[in-house]
*Asks:* 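I am attaching a structure below and will ask some questions about it afterwards.
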Amino acid sequence: MSDAEIDDFADDYNAHSGLGGFYVRDEPDTSRWQGYAKAYNRFLFNKTNAIPYANLFPTYADPYTQLEIAPTPIASQTVVGNGTWVNSTNRLGQTFKTAADSNYIFAIELNIDASSWGSTEGLTLTLWDSPSKTVRLSSSTLFATNNGAFPRFELLTAVSPNTTYYWELTHNGGGDNSVGWVTTSTSDAYADGAAYNTGTVQANDFYFKALSGRAQIPVSPVLQSTRDDVSHYVSSTNSLGQTFRTSAEMDYIGNMELYINYNTWSTTEGLTLSLWNSPAKTTLLSSKTLYSTNNMNHVLFAMNTAVTPNTDYYWELTHNGGGDNSVGPISGASSLNGADLPNGSAYINGTMQNWDFYFKVFKKPLAKKTLLASQTLLQSVSSVSSAARLGQTFLNPANNTKIDTVQLLIDSNTWTAGNTLTLKLWDSPSRTTQFGSTVTLPFTNSFNNPAFAVNATVVPNTSYYWELTLSGSGSITVWNSAGNVYGDGSAYINGSAVAKDFVFKAFGAAAISDKVLEQKTTGSGTFVSSASPVGQTFRTPANLDRMLKYVELYIDYNTWASTEALTLSVYDNTAKNQLLGKATLNQTNNGFYPRFPVNALLKPDTTYYFELSHNGGGDNSVGWVVHSATNAYTDGTAYQSGTAQTWDLYFRNLYTEFYSDYLDEWVDLVGPLSLKYLSYDHYPFQNGGLTVDYFLNLELVRDTGLRKKVKTHMFLQSVGLGGYMNRPNENQMRWNVYTGLAYGMKGLSWFTWKTPELIEGPFTTAIIDRDGNKTDLYAPVQTLNAEITRLGPTLMGLTNRDVYHSGSTYTGVRGVPNNFFWKPGNSSDDVILSYYQNALGRKYIMAVNKSLTTTTSFTFNLNPKPASVTEVSKTTGLEVATAYNTVTGSLTASFLPGEGKLYALPAGY
C-alpha cells in the first residue's frame with residue numbers, strides 16, 4: 001500500500017470509538033519487512049496512540065523457510081552436471097576464496113544425494129588453511145542431512161577476507177561406506193579454486209556454498225507466496241509466465257524466486273527465466289539459465305536489471321528440451337486458496353490464466369548494519385533550504401567506534417532538479433570538529449530514505465550532531481516528530497534547538513552478530529570422571545549481543561560409552577555461584593569435537609567458567625579431553641577437580657542465535673521508538689508435550705526488549721489444533737499467563753477468543769464456541785483476565801532485571817544465584833523467581849509455581865531480612881500483608897498449579 005492508500009484507509013476508521021490499532025501483518029515474510037515497517041510507521045502517523053498489529057514467529061519456526069533468516073553466501077559454485085562418491089578411502093575437497101569483506105563462515109553447503117546416506121554413516125566436513133592441511137579451523141559431522149539434498153555443515157569459525165581455504169569431506173566407514181553423488185560440475189567452473197579427490201586436483205569443481213552469518217536482509221516488495229492448488233510442468237512446448245507490477249520504490253530487480261520441484265530436474269535440462277516488458281515480449285530486459293536448483297525448491301534466478309517503479313512486467317520460464325523435457329511441478333494458487341495478486345496473472349504458452357504462480361521479486365538486499373541511534377516517529381515536517389539548516393544531536397552507544405551511514409526520511413517528490421543535499425557529521429551544534437566525509441547527493445539514492453555514507457571514526461558513549469544543508473533555490477520536505485521524543489538528543493534549525501526530533505537512523509559498520517572465542521592449542525590431555533571434573537575460565541568478547549549457543553571441546557569419543565553422560569555447565573565464576581546454562585550429551589554430536597548446546601546469555605567482556613562433569617556411568621572415564629601442554633590462553637585458566645592448572649583446555653565458544661537476528665531486524669526496521677510492542681506467538685501445549693524451547697523463546701524476546709528498550713507481547717494458548725496443539729486446561733492456561741508475566745511481558749492476548757471456523761482448520765473449541773456460546777474455558781479465563789487487570793498497573797511500571805529457575809531445568813534458563821536476596825527453601829523447589837524494579841529502584845519478586853498439576857507450598861528465605869514483604873493483590877491491585885516472618889526472614893505461601901504471586905520489598909531494601 002502507498003502512503004496515500006494507508007492514509008485513506010486510516011481515515012475511514014480513525015474516529016471509530018472501538019479502534020485500538022491497525023492490522024499490519026501476522027507472521028510477515030521477512031523479505032517484505034521493509035514495506036511493513038514503513039506501513040507500521042505510516043499508521044502511527046495517522047493515529048499516534050494506535051497499536052499497529054504485527055506479530056512474529058516463535059523459535060520453533062524453521063529459520064530458513066519461515067523466519068527467512070538465511071546466512072549470506074561469501075563464496076559459491078553451483079554449476080552441476082556430474083558427481084562422485086565419498087567413502088573412508090575417498091576424500092573429497094575444494095579450495096575456495098573468501099570475499100573481500102568476509103570474516104566468518106557459519107556453514108558450508110554441499111549437494112549430496114541423501115537417499116544413499118545411511119544413519120550410521122557419518123560425514124565430516126573439515127575446513128583447513130589449504131590442501132596441505134597445516135591448520136584446522138573447524139569441522140562438522142552429520143549422520144543425516146539437515147537440509148534435503150543440500151546438507152549444511154555448520155562450522156561457525158572466523159576466517160580472513162580475500163583468503164583461500166580448503167574444505168574436505170570424509171566418511172567414517174559406517175553403513176555401506178559410500179555416500180553419493182556428491183555433486184560436481186562437468187568442467188572447471190570456479191575460477192578461485194579447484195576440486196580435489198583424495199589429495200589430487202580434479203578438472204571440475206564441487207557444488208558448494210560457503211555461508212557467512214546474517215550479513216544481508218533480502219527485500220521482496222513484489223510476491224505471490226501462496227502455492228496450494230495449482231501446479232504445472234515446464235517443457236520445450238509448455239512455457240509458463242506471470243505478469244506483475246513493480247512497487248513504488250523498486251528501480252532494480254536482483255533475484256527472482258520460483259517454487260520448482262527440483263527432484264524432477266536433471267542436469268541436462270536448462271531452465272531459462274526471461275524478464276520482458278509484457279506478454280507481447282517486445283523488449284527483453286534480462287534472462288538467466290540454470291541447469292539445477294541453487295536453493296532447493298526455492299530456485300533463485302539472478303536477473304540483475306534496472307526497472308521502472310510502478311510498472312508492469314512479465315517473466316517467462318522456458319525449457320531447453322533436454323532430459324525428459326519436463327520439470328515440475330511449478331507451483332501457484334488460485335484466488336480461492338489465497339492468491340491475491342493485483343495487477344498480475346499467470347500465463348501458459350502466452351494465454352492468460354485466472355490464477356497466479358508462486359514467485360518473489362527481490363530488490364538489492366540491504367546490508368545488515370548495526371543500528372546505533374534512531375528516531376522514527378513521523379508526525380510533522382520541516383523544510384531544508386538554502387536559508388534553513390536542519391540538524392540533530394544523538395548519542396553514539398558504548399563500544400561503538402564507527403558511524404557508517406546516516407539515513408533520513410524526506411518527501412522525494414519535493415526534491416527537484418538542481419537542488420543538492422549535503423550532510424556533515426560534527427562534534428556538536430557549534431560545529432567545531434567535523435568527523436568523517438562530507439556527503440553531497442544531487443538526487444536521492446534511496447527514494448524517501450536518502451543515505452549519507454559519512455564513514456566516521458567516533459568515540460563511544462559520546463554525542464554527535466549531523467547537519468543537513470541544501471544548495472539550490474528550492475526546498476525539500478524532511479520529516480520530524482511533533483515534540484521531544486528522542487531522549488538522547490534534540491533537533492536544530494539554523495543552529496537553534498527546537499522542540500522536536502528529526503526522523504533519522506545512524507548505522508555502524510556492516511557486522512555479523514555471531515562471535516567465536518577459541519583456544520585451539522593442543523599438546524596433551526586428561527580424563528574426566530565423576531570425581532574429576534575439568535573446567536576453564538574464559539572472557540566473553542566485547543560488543544557481545546548473542547547468546548553462547550555452543551561450547552565445543554576436543555574429546556576422544558572412542559572412550560565415550562553410551563551410558564556415560566557428559567554435562568557441560570556454565571557458571572558465573574569458579575565458585576559456581578550461579579548456573580547460567582548447561583547441556584548433557586550421551587554421545588558426541590560432532591565427531592572428536594562435540595558441541596554442548598548450553599544456550600547461555602552472558603554479558604560482554606566478562607569472565608565466566610565452564611565445567612565438564614561425568615555421570616559415573618560406564619567405566620566412569622572419558623578422554624582424552626584435549627588441552628594445551630602449557631598456558632596458552634591469556635584470559636582464563638583451566639581447572640581439574642577445582643584446582644587451577646598450568647594448561648588450557650581446547651575449546652571453541654560459539655555465540656550465535658538466528659532468532660535474535662530475526663527479532664533485532666524487525667525492531668530496527670520499524671524503529672525502537674515507533675514499535676509499540678515486540679509481539680510473538682509460541683503455543684507450548686503441543687501433542688508431544690511441552691515445547692522444549694518455550695522458556696528459551698521467552699528469554700530471547702525478553703533480552704531483545706531490554707536491549708532495544710521496547711515493550712514485549714505474547715499470545716497465550718486457548719485452543720487446540722488437530723495433529724499439532726493440545727487444548728489447554730485451566731492449570732495450563734494459568735501457567736501460560738504467569739510464566740509470560742515472569743519474563744516481563746507487558747501485553748498478553750489469547751489465541752483464540754472465539755473458535756475459528758472449520759474452514760480455517762481442525763481447531764478444538766476455544767473460550768467461545770463457533771455459535772457464540774461460552775465454553776468451560778470461559779470462567780478460568782475470566783478469572784485470569786481479572787487478575788492480570790489488577791496486577792497490570794504495577795507491572796507496567798516495573799522493569800524486569802532477571803529471571804531465575806529452581807528445580808526442573810529447561811533450555812535457556814538460569815539458576816538462582818547463591819547470593820540472591822530471595823531464595824527458595826529447597827533447591828529442588830520447582831519455582832521461577834522473577835526480579836523486578838520500579839523507576840525508583842524498589843525491588844519486586846514474582847514467584848511462579850512451575851508445576852502444571854500440583855498445588856505447592858513454597859517457603860522463601862530472604863537475606864538480608866526486610867522489615868516487611870507485601871503482596872500485590874490479584875483482587876484489588878493494592879499491596880496487602882503476607883505471612884512473612886520478620887524473625888526468621890522467611891515467607892511461606894501456597895501456589896495453585898502455574899500460579900504466580902507478585903511481592904514487593906520495602907523502598908530502600
Side-chain angles (χ1 to χ4, degrees), residues 27 29 31-32 62 64-66 68 78 80 111 113-115 147-150 220 222-245 255-276 279 281 287-303 313-362 723 759-762:
E27 298 176 343
D29 289 332
S31 60
R32 303 198 80 185
D62 183 88
Y64 297 106
T65 61
Q66 291 178 299
E68 295 185 314
T78 57
V80 298
N111 185 358
D113 181 358
S115 65
N147 192 43
F150 299 88
S220 176
V222 180
L223 59 79
Q224 194 297 101
S225 57
T226 306
R227 48 179 179 83
D228 291 336
D229 61 343
V230 173
S231 59
H232 287 268
Y233 289 77
V234 62
S235 69
S236 60
T237 58
N238 199 52
S239 63
L240 309 179
Q242 174 80 42
T243 52
F244 66 93
R245 180 171 294 175
N255 286 323
M256 295 184 68
E257 176 187 313
L258 303 185
Y259 192 88
I260 302 174
N261 182 354
Y262 70 89
N263 294 304
T264 66
W265 190 352
S266 69
T267 57
T268 57
E269 296 180 282
L271 299 188
T272 299
L273 188 77
S274 301
L275 183 64
W276 298 89
K281 299 191 291 186
S287 66
K288 177 69 174 180
T289 300
L290 297 177
Y291 284 85
S292 71
T293 181
N294 53 15
N295 195 38
M296 297 188 68
N297 288 331
H298 297 267
V299 183
L300 296 171
F301 294 85
M303 309 309 290
Y313 291 94
Y314 171 70
W315 62 253
E316 186 170 83
L317 186 70
T318 56
H319 192 295
N320 71 342
D324 66 357
N325 192 19
S326 179
V327 174
I330 289 89
S331 297
S334 67
S335 58
L336 293 176
N337 270 355
D340 185 19
L341 183 71
N343 308 308
S345 182
Y347 283 72
I348 297 180
N349 287 330
T351 301
M352 188 170 68
Q353 309 295 304
N354 62 354
W355 43 268
D356 297 289
F357 282 108
Y358 171 105
F359 72 100
K360 291 184 178 182
V361 183
F362 291 91
I759 195 173
E760 298 180 67

*Asks:* Just how far is it from atom CG of Asn111 to atom OG1 of Thr293, taken to the nearest 0.5 Å?
*Replies:*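 So the CG of Asn111 and the OG1 of Thr293 are separated by 8.5 Å.
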*Asks:* What are the two closest heavy atoms between Ser326 and Tyr233, and how far apart are they?
*Replies:* OG-CD2, 3.4 Å
*Asks:* Just by modelled atom types, is the Tyr259 backbone N or O under 3.5 Å from a matching donor or acceptor in the Glu257 side chain?
*Replies:* no
*Asks:* Could you tell me whether a side-chain N or O of Thr264 sits under 3.5 Å from a main-chain N or O of Gly328, the two making a donor and an acceptor?
*Replies:* yes
*Asks:* With ring centroids as reference points, do Trp315 and Phe357 lie under 6.0 angstrom apart?
*Replies:*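 So the answer is yes for these two rings.
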*Asks:* Verify the ring-centre separation between Phe150 and Tyr64: is it less than 6.0 angstrom?
*Replies:*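 Ring centres of Phe150 and Tyr64 not closer than 6.0 Å.
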*Asks:* The criterion is side chain to side chain donor-acceptor pair (under 3.5 Å); which residues satisfy it with Arg245, sequence neighbours excluded?
*Replies:*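 Listed in chain order: Asp312, Asn343.
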*Asks:* Evaluate the criterion side-chain contact (heavy atoms from CB on, under 4.5 Å) for residue pair Phe362 and Met303; output intermediate values, then yes/no.
*Replies:* CA-CA 10 Å; Phe362 291 91; Met303 309 309 290; over 6 Å; no
*Asks:* Between Asp29 and Ser220, is any pair of side-chain heavy atoms under 4.5 Å apart?
*Replies:*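 When only atoms from C-beta onward are counted, Ser220 and Asp29 do not touch, as no gap falls below 4.5 Å.
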*Asks:* If every non-hydrogen atom of Leu317 is compared with every non-hydrogen atom of Val234, which pair is closest and at what distance?
*Replies:*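 Where Leu317 meets Val234 most closely, the heavy atoms are O-CG2, 3.5 Å.
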*Asks:* Closest heavy-atom contact between Leu258 and Tyr358?
*Replies:*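 Between these two residues, the closest heavy atoms are CD2-O, 3.9 Å.
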*Asks:* Output the distance between atom CD (Gln353) and atom OG (Ser334), rounded to the nearest 0.5 Å.
*Replies:*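 Answer rounded to 0.5 Å: 12.0 Å.
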*Asks:* Just wondering, do Trp265 and His319 contact through their side chains at under 4.5 Å, heavy atoms?
*Replies:* no
*Asks:* List the atom of Ser239, the atom of Thr318, and the distance in Å for their closest heavy-atom pair.
*Replies:* CB-CG2, 4.0 Å
*Asks:* Do Tyr347 and Glu316 come within less than 4.5 Å of each other through their side chains, counting heavy atoms only?
*Replies:* no
*Asks:* Between atom CG of Leu273 and atom CG of Leu290, what is the distance when rounded to the nearest 0.5 Å?
*Replies:*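 That separation rounds to 8.5 Å.
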*Asks:* Please round to the nearest 0.5 Å and tell me the distance separating atom OH of Tyr314 and atom CG of Leu275.
*Replies:* 11.0 Å
*Asks:* So do the side chains of Phe359 and Val222 get within less than 4.5 Å of each other, counting heavy atoms only?
*Replies:*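 Side-chain contact under 4.5 Å: yes.
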*Asks:* Would you give the length of the straight line joining atom CE of Met256 to atom NZ of Lys288, rounded to the nearest 0.5 angstrom?
*Replies:* 14.5 Å
*Asks:* For the residue pair Val327 and Ile260, establish whether any side-chain heavy-atom pair is separated by less than 4.5 Å.
*Replies:*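 In short, these two side chains touch, coming nearer than 4.5 Å.
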*Asks:* Could you check whether any side-chain heavy atom of Phe244 comes within less than 4.5 Å of a side-chain heavy atom of Asp356, counting everything from C-beta outward?
*Replies:* no
*Asks:* Can you classify the ring geometry of Trp355 versus His232 as parallel (below 30°), tilted (30 to 60°) or perpendicular (above 60°)?
*Replies:*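 The rings of Trp355 and His232 lie parallel, inter-plane angle below 30°.
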*Asks:* Are Asn320 and Thr272 side-chain neighbours, meaning at least one heavy-atom pair lies under 4.5 Å?
*Replies:* no
*Asks:* Any idea which heavy atoms bring Asn325 and Ser235 closest together, and the distance?
*Replies:* O-CB, 3.0 Å
*Asks:* Would you kindly say whether Thr351 and Asn349 are connected by a side-chain donor-acceptor distance under 3.5 Å?
*Replies:* no
*Asks:* Do you know which two heavy atoms are closest between Gln242 and Gly344, and how far apart they sit?
*Replies:* NE2-C, 3.7 Å
*Asks:* Verify side-chain contact (heavy atoms from CB on, under 4.5 Å) between Val361 and Leu223, making sure each step is shown before the conclusion.
*Replies:* CA-CA 6 Å; Val361 183; Leu223 59 79; over 6 Å; no
*Asks:* Could you go step by step and tell me if His298 and Leu300 meet the side-chain contact (heavy atoms from CB on, under 4.5 Å) rule?
*Replies:* CA-CA 6 Å; His298 297 267; Leu300 296 171; 5.9 Å; no
*Asks:* Under the side-chain contact (heavy atoms from CB on, under 4.5 Å) criterion, do Val299 and Leu271 qualify, and how do the steps go?
*Replies:* CA-CA 11 Å; Val299 183; Leu271 299 188; over 6 Å; no
*Asks:* Atom CG of Asn263 and atom OG of Ser115: how far apart are they, to the nearest 0.5 Å?
*Replies:*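 That separation rounds to 10.0 Å.
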*Asks:* Quick one: does Asp324's side chain get under 4.5 Å of Ser266's, heavy atoms only?
*Replies:* no
